[in-house]
Every structure is written in structure tokens, then in C-alpha cells.
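Step one of this worksheet: look at the structure below.
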Amino acid sequence: MKQKAKRLSAFVLALAIILSLTACSDNNTSVTSGTSINESGNESVDNSEGTSESNSDKNENATAQNTPNKVNDALPQCDPANLEYFVIMKGKEGYYYQASIKKEENEYFSGLGYFDNATGKTIPLCAKPQCVHEGSDFCTATGGMTHFDKDIFYNGYIYRLGAKYNGNEYIAKLLRADMRGSELSTVSDIYSGVLDEGGFHPHINDCVVAHYGKLFFSNSTYEGKKQVHQLFMVDLESGESKRIYLPEPENNAIRLYSHYLNFMTADGDWLYYNSREVIFDKPGAYDERNMLQDRTVLYRFNIRTGETETISAMPDIYSSFTVNNGIIYYTVADRSDNVFSLYSYDIANDKTTTIIDKRQQEYVDGKYVSSGHKVTVLTDRKYLYVCTMGARGMYRVDRKADDTDFYIYDLQGNELMDGLPGLETLLDKEKEWTYKFYALDGEIYFGYHDDAYWPSHRDEDKFSGMYTIKTEDLINGSRDWTKLYYVN
């Protein structure tokens, strides 16, 4: 792993292949392909994953451009351990989250809620008098769109991604709500289209990144009969949206649908994302016995220049990655021995360091970055956190595979904590439960749900909720977790 990150030259970018426009924007950012490494894979591949996007971005009527972007680096960077699922949205005296707002007995309405630390109560985030919070555009907490995919808190506002329906037409929208619930406005109508016969429209994927005044997200859509991901960038001030085009895999490799753009993060001027690119010796035969190349590629997109680099020093197969201050942290899992390793790669100095070497576990899973139970490394830019069965998962009494461990390291790779002590009552090996793990600005958040209870029985559920503790306090011996709002 001694190659440096390879910059794609402006000459190659200028000769990039013809790429298609989406309905949302006339300003397109294009990229070209990176390096490739041939290795034989040893993992079976399901036929349904063999969808290639190799030619999906091409259109004879579009001109490829390497478009610079205006970037305000005085605005905050992203929170790299708080990007996926229903993220933590922390205010000064409480928390914002997608809440089930009670209407009548055992009847709830989904909306944006505010949890007040002092009272321990959740109220709809709507300051408008006499509002009944039932989805009208008048309501800040529940209005503005037909369907909500993602909420994210950034630079003093809550941004809501989703879609507005009008018959069989839809508009993908980005809304902005203020912290008091008095204002809800449209930042951008990102793209539009028509529902297909099955009522499908492009939906936003789990990971959304707000960074330097830009919002990055990917969606899942169909081009013809092929399901693909598309990557977008929205300027949060102007509302301008651009589609970021992905490099073409080299050597006629195909990009497996479920193995790319499933996770993104940002650091400095760069957005990082991955793609699994494979070659089979028989077209349509998606099986390890026919695999000539199995390579997980880490790309980074320069937010200012529109150029793309390939991080060539990364191994062909790894479980997860995160980035802070120009250093990539990544994990490699070995299921044959149930061990995992953690490495750091300093991009500027082209230096790879082993932080954890073959740490033994009872069970590890998740060989690829696309796996649901991968050994996941996260950082809040203060600490490193390792979740051996993923940042989101479940525990089943009858399944050894769901045994989960958590580790905390400093950014130099020194182990500070093994486990999450103080949550023993929750993490009962005789019960079944689900969890979500987040870290934000030196605090750990653990969303726990006791699977013995349905959301409609939440009044009987004594344990499910979002729990938090300062990482430093946990390391220094505190076991006093604070329970916040209910989660399901």
C-alpha cells in the first residue's frame, strides 16, 4: 500500500465521456475513472447485485465539465460519526428528532419533535398558534412535503429531505426549519419526475453529509430496468443543486449496485465515498468462481475544483472507513479466524499504520463496506469508536452472529475503553434488542429499543430510548448514562 492518492489530470477530465443531465440541474460536475487492481475474489455474489452503472451516466447531448464550486470553509465541517439513519440533532437545551406525536389513545402522527432537557417532554416543533400538526403545509413540524426521508441539523437549522407528490408527479425537495418551529422554507427543488407504474420514485439513502455549506446525498433510482445510485450536491445558501458524476470503472469492470455510495463522509475540501468494482470472465455469471477482479475503491471528490482522486493505497477489500484531518481510518475483518484489524493511512505523508492487529472476537462479520454487520470505525474528530457488528444492529438470543462489542481509542490509536459499561441492564443477553450508535462532539449516543415492545405499547416500555454519556466521563469511570427521548 505505497501508492499515493492519484490525481486525475485536468486533461483527462476535459476528455471525459459524455454524461447525462438530470431534470434538476443544468450545472453538472463530472469525474473520470481511477486506478484498478486485479485480484481474485473469494466471496460469492448474489445475482441481484450484478447491476452495473458503467454506462448509466452517458448522454450524447450533455457536455462533461470540470466545474469549480464556491465553498465557504468558515462554515462547519460534517460530524463524521453522525451521518446515518435518524441522526442526533442537538440544540442548546434539548434535542430535535423525528418523533411520533400523539393524537389520540394509541394513535401517533410522524413529525419533527423537540425534546426539552429540563422537562423531559417532547413537543411538536411548531410555534404556530392553533396548529393541529397533521401534515398541512401550515405546520412547521409536519408540513411542506408528502414524504420525509431524512432530517439533519446543521449550522443552526434543521434541513429536511423528501418529496412532494402531485398526482403521479413528484418533486424532490430540501426544506429548512428554524430551531423555534416558527418558519419552514424551501431551500431547493432538487429534481422532479413521474412515478412509475409501481409508484416508485427515487428515494434518499441513509447517509447525508452537511459540510462547508453544502449538502451531499445519494438516491436510489431506476434507469431503464437498472437500479442505480446518483450523487448530488446542494448549496445550502443558494439552493443550487448539481449531480456529481461517478468515475467509470476501469478494465470494463462493473459496479455492484448494493456496494457503492452506501457510505460517505467529508473532511476538509474532500467528499469521500466507496465503490465495489468487479470483473467476471462470463457476462451475467455473478459468482466467485467467475470473478477475475474484486476491488473496493475509495474515491474522494474535491468540493472546490470538481476533480476526483482515487485513494490507491487502500486494500482491495475492507469493512469500513472514516476520515479526519487527512487521515483515513479503516477496518479489515477476517471471518476465518474471527479477528479484525484497524489501520490509519496518512494521505499527505503516504504512511499506513497498524492500530489494531488481528483483534480476536467471538464472532466477526462484514467483509465488505456494503455489509450490514461490518466492523465499523467512526470518529467524532476527538475519539475513534469501533462497533464490531456495525453502528446499527440487533441482538438475537438464538444467533451467535449478533454478539456485539464496542471499543474506544484516541486518535493516536491508544485503547481507552472496551465495552459500554453502565448499560448492562439494557444489553441483556437473555433479551432481544436493536441499537443505533452515534458519537457527536465528545459524547456517545446509544439508541436502544427493547424488541419485546411494539411502538404502540411504548407506555409499558421502560428501557427503550436514546441514552447519552460524555466519552471522557465514561473513560474516567462514570456509569451515569442519561436517558433522553423514546426511540423505536
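Just so it is clear, the values below take in all heavy atoms, side chains as well, and ignore hydrogens, waters and symmetry mates. Note that the structure is a prediction, hence the values are computed from the model and not measured.
- Panel note: side chain Asp380, backbone Gly442; a donor-acceptor pair is recorded below 3.5 Å.
- None of Tyr260, Phe263, Phe217 except one satisfies the ring-ring contact (aromatic ring centres under 6.0 Å, His included) rule with His229; the exception is Tyr260.
- The salt bridge (Lys or Arg N to Asp or Glu O under 4.0 Å) test applied to Asp418 returns Arg359, not counting sequence neighbours.
- Looking at Ser218 and Asn205, their side chains do bring a donor and an acceptor atom within 3.5 Å of each other.
- In the displayed structure, Tyr85 atom OH is contacted under 6.0 Å by more than 12 heavy atoms of other residues, nucleotides or ligands.
- No side-chain donor-acceptor contact under 3.5 Å links Thr354 to the backbone of Ile356.
- Remark: Phe86 CZ is loosely packed, at most 12 non-hydrogen atoms of other residues, nucleotides or ligands lying under 6.0 Å away.
- When the salt bridge (Lys or Arg N to Asp or Glu O under 4.0 Å) test is applied to Glu472, no partner is found at least two apart in sequence or on another chain.
- Geometric assessment of Lys128 against the ring of Phe138 yields a positive cation-pi assignment under the 6.0 Å and 45° thresholds.
- With hydrogens and angles left out, the side-chain atoms of Tyr385 and Thr471 include a donor and acceptor closer than 3.5 Å.
- Side chain of Asn117 to backbone of Glu93: a donor-acceptor contact under 3.5 angstrom is found.
- At least one donor-acceptor pair under 3.5 Å links the side chain of Thr146 to the backbone N or O of Tyr165.
- A distance-only check finds no donor-acceptor pair linking the side chain of Trp433 to the backbone of Tyr448 [under 3.5 Å].
- A salt bridge (charged side-chain N to carboxylate O under 4.0 Å, His left out) with Lys214 is found for exactly one of Asp235, Asp269, Asp73, namely Asp235.
- A donor-acceptor pair under 3.5 Å links the side-chain atoms of Glu424 to the main chain of Gly422, judged by distance alone.
- Taking a 6.0 Å sphere around CZ of Arg180, one finds it holds 12 or fewer heavy atoms contributed by other residues, nucleotides or ligands.
- In terms of the salt bridge (Lys or Arg N to Asp or Glu O under 4.0 Å) criterion, residue partners of Asp137 (sequence neighbours excluded) are, by chain and number, Lys164.
- Of the possible donor and acceptor atoms, one in the side chain of Ser320 sits under 3.5 Å from a partner among the backbone N and O of Val375.
- Dense packing is recorded around CD of Glu183, with more than 12 heavy atoms of other residues, nucleotides or ligands lying under 6.0 Å away.
- More than 12 non-hydrogen atoms from other residues, nucleotides or ligands lie less than 6.0 angstrom from NZ of Lys431.
- Of the inter-residue distances, the one linking Asn274 atom CG with Met314 atom CE reads 9.0 Å to the nearest 0.5 angstrom.
- At least one donor-acceptor pair under 3.5 Å links the side chain of Arg479 to the backbone N or O of Leu474.
- A salt bridge between Glu443 and Lys470 is absent, with no side-chain N of the basic residue lying under 4.0 Å from a carboxylate O of the acidic one.
- Remark: the backbone N or O of Gly239 is paired with a side-chain donor or acceptor of Ser188 at under 3.5 angstrom.
- Within the 3.5 Å criterion, the main-chain N or O of Lys374 finds a donor-acceptor partner in the side chain of Thr376.
- The closest side-chain donor-acceptor pair between Thr119 and Asp116 falls under 3.5 angstrom.
- Evaluated for a ring-ring contact (aromatic ring centres under 6.0 Å, His included) with Tyr97, the options Tyr485, Phe115, Tyr445, Tyr438 yield exactly one hit, Tyr485.
- Lys242 and Asn69 form a side-chain donor-acceptor contact under 3.5 Å, judged by distance and modelled atom types alone.
- The two residues Leu416 and Asp410 come nearest to each other via the heavy atoms CD1-N, 3.7 Å.
- We find the CD-CD1 distance between Gln230 and Ile244 to be 12.0 Å, quoted to the nearest 0.5 Å.
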